[in-house]
Chemist: 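Here's a structure for you.
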Amino acid sequence: MREIVAAAEIPARFRDDSLENFNATNAGQRLVHGVCCAYAKTWPEQLQKGGGLLMTGQPGTGKTHLACAIAHAVMANHMSTVKYGTVSSLSRGIRATYGARSEKSESEAMADLVRPDLLIIDEVGAQSGSSHEMQLLFEVIDSRYRELKPTILISNLNAKQLEEFIGQRAMDRFSECGPVLAFDWASHRSSQEGMA
């Protein structure tokens with residue numbers, strides 16, 4: 001279990017986030033919390049069908065909290081493997097294979113992102129989005145889609161902006177796998193540590 005948690009690379013700030021300690025105070029928060037709880041509860045079915053979630057909304061609204069809470073639940077209850085990363089960090093990991101001294105190929109680095117039972121990709125749209133980075137993101141989403149591997153995307157963009165950013169092909173594949181959850185309330189970061 002310690003190895004599974006360590007391999008997930010969930011940031012220390014979100015290491016104690018759980019579905020139980022998410023502070024849902026309005027109808028929208030209760031709705032997304034309920035969907036996330038149901039997703040974690042039905043994890044074997046999600047794993048079988050490649051079910052995913054798309055979380056959109058302003059910073060500080062609880063997206064990363066709930067994504068990491070799901071990760072903790074599926075690791076603890078099902079011993080499932082998880083990988084967390086931002087678009088930038090995942091892209092850096094792939095680009096690091098381009099050097100002559102790299103011990104890993106690009107295809108091996110991509111396989112490392114397809115292998116985990118659950119992949120959480122955070123901060124989608126927070127970076128410049130070079131064509132190469134967008135192609136890598138599409139390949140990861142497409143490969144996981146084909147292999148029925150659940151993925152959670154987190155973005156500060158709304159659904160329309162996100163489609164413009166990652167492209168219709170990637171959005172279509174992702175939308176087929178699960179709902180879009182709109183975190184459309186004000187930031188709680190100042191009053192509740194760990195929400196993002």
Side-chain angles (χ1 to χ4, degrees), residues 1-87 89-90 112-124 140-141 143-145 147-156 162 173-185 187-189 191-196:
M1 185 62 192
R2 283 195 298 271
E3 290 177 3
I4 290 174
V5 172
E9 297 184 349
I10 293 173
R13 181 169 297 278
F14 305 107
R15 223 164 267 158
D16 295 325
D17 288 345
S18 69
L19 293 167
E20 291 74 25
N21 66 20
F22 180 78
N23 187 21
T25 60
N26 63 46
Q29 291 167 346
R30 288 190 288 272
L31 174 63
V32 299
H33 180 251
V35 171
C36 291
C37 288
Y39 182 88
K41 186 176 182 179
T42 60
W43 177 245
E45 291 90 339
Q46 302 299 334
L47 192 55
Q48 186 172 25
K49 70 179 183 179
L53 294 172
L54 179 53
M55 301 179 174
T56 68
Q58 294 300 308
T61 51
K63 302 182 300 297
T64 304
H65 178 124
L66 284 176
C68 291
I70 289 170
H72 293 311
V74 302
M75 287 188 290
N77 298 330
H78 302 281
M79 297 294 285
S80 288
T81 55
V82 174
K83 170 74 173 174
Y84 168 94
T86 64
V87 171
S89 68
L90 298 178
D112 288 344
L113 299 180
V114 178
R115 190 174 299 111
D117 297 323
L118 174 64
L119 177 66
I120 299 172
I121 307 177
D122 204 347
E123 298 184 4
V124 180
V140 170
I141 292 172
S143 296
R144 292 187 63 83
Y145 169 82
E147 296 298 323
L148 296 175
K149 291 294 187 80
T151 305
I152 296 176
L153 286 187
I154 305 170
S155 179
N156 294 337
L162 185 60
R173 282 163 173 74
F174 202 86
S175 298
E176 181 183 329
C177 300
V180 177
L181 301 180
F183 289 61
D184 54 358
W185 47 84
S187 171
H188 291 290
R189 183 166 285 139
S191 60
Q192 181 172 342
E193 186 179 354
M195 299 190 81

Chemist: Identify, with sequence neighbours excluded, every residue that meets side-chain contact (heavy atoms from CB on, under 4.5 Å) alongside Glu147.
Modeler: Val114, Lys149
Chemist: Between CG of Leu19 and SG of Cys68, what distance do you get to the nearest 0.5 Å?
Modeler: 11.0 Å
Chemist: What's the spacing between Trp185 CH2 and Gln29 CD if we round to 0.5 Å?
Modeler: 5.0 Å
Chemist: Hey, is the main chain of Arg15 close enough, under 3.5 Å, to the side chain of His72 for a donor-acceptor pair?
Modeler: yes
Chemist: Is there side-chain contact between Pro179 and Val35, with at least one heavy-atom pair below 4.5 Å?
Modeler: yes
Chemist: What residues form a side-chain contact (heavy atoms from CB on, under 4.5 Å) with Asp16, not counting sequence neighbours?
Modeler: none
Chemist: Where do Gly50 and Cys177 come nearest, in terms of heavy atoms and distance?
Modeler: O-CB, 3.5 Å
Chemist: Does any non-hydrogen side-chain atom of Leu118 lie less than 4.5 Å from one of Ile70?
Modeler: yes
Chemist: CG/Leu153 to CG/Leu162 distance, rounded to the nearest 0.5 angstrom?
Modeler: 6.5 Å
Chemist: If only atom types and distance count, is the side chain of Asn77 paired as donor or acceptor with the main-chain N or O of Val74 below 3.5 Å?
Modeler: no
Chemist: Give a yes or no answer on whether the side chain of His33 reaches the backbone of Phe22 with a donor-acceptor pair at less than 3.5 Å.
Modeler: no
Chemist: Name all pairs fulfilling the salt bridge (charged side-chain N to carboxylate O under 4.0 Å, His left out) condition that reach into residues 22-40, sequence neighbours left out, sorted by first residue then second.
Modeler: none
Chemist: Partners of Pro44 by side-chain contact (heavy atoms from CB on, under 4.5 Å), sequence neighbours excluded?
Modeler: His78
Chemist: Measure the spacing between CE of Met75 and CH2 of Trp43 and express it to the nearest 0.5 Å.
Modeler: 10.5 Å
Chemist: Show every donor-acceptor pair shorter than 3.5 Å between a side-chain atom in residues 2-10 and any protein atom, with sequence neighbours excluded, or say none if there are none.
Modeler:
from : atom 1 : to    : atom 2 : distance (Å)
Glu9 : OE1    : Lys83 : NZ     : 2.5

Chemist: Pick from Ile120, Ile121, Val124: which one makes a side-chain contact (heavy atoms from CB on, under 4.5 Å) with Ile154?
Modeler: Ile120
Chemist: Mind checking the CZ-OG spacing from Arg115 to Ser143? Nearest 0.5 Å is all I need.
Modeler: 12.0 Å
Chemist: Return the CD to OG1 distance between Glu123 and Thr64, rounded to the nearest 0.5 Å.
Modeler: 7.5 Å
Chemist: For Pro59 and Ser187, which heavy atoms make the closest approach, and how far apart are they?
Modeler: O-CB, 3.3 Å
Chemist: Is it the case that the side chain of Arg173 and the backbone of Ile141 share a donor-acceptor pair, with hydrogens and angles ignored and the cut-off at 3.5 Å?
Modeler: no
Chemist: State, with a plain yes or no, whether a side-chain heavy atom of Leu119 is found less than 4.5 Å away from one of Val140.
Modeler: yes
Chemist: Do Gln48 and Leu148 come within less than 4.5 Å of each other through their side chains, counting heavy atoms only?
Modeler: no
Chemist: Does some side-chain heavy atom of Leu66 sit less than 4.5 Å from a side-chain heavy atom of Phe183?
Modeler: yes
Chemist: Tell me, please, which residues at least two apart from Thr81 pass side-chain contact (heavy atoms from CB on, under 4.5 Å).
Modeler: Pro116, Asp117
Chemist: Ring-plane angle category for Tyr84 and Phe14, please: parallel below 30°, perpendicular beyond 60°, tilted otherwise.
Modeler: tilted
Chemist: With a 3.5 Å distance limit and no angle check, can you tell me whether Thr42 reaches the backbone of Ala38 through a side-chain donor-acceptor pair?
Modeler: yes
Chemist: Quick check against the 3.5 Å criterion: does Lys63 have a side-chain atom that pairs as donor or acceptor with the backbone of Asp122?
Modeler: no
Chemist: Give me the atom names and distance for the closest heavy-atom approach of Met55 to Cys36.
Modeler: CE-SG, 3.6 Å
Chemist: For a 4.5 angstrom cut-off between non-hydrogen side-chain atoms, does Gln58 reach Asn156?
Modeler: no
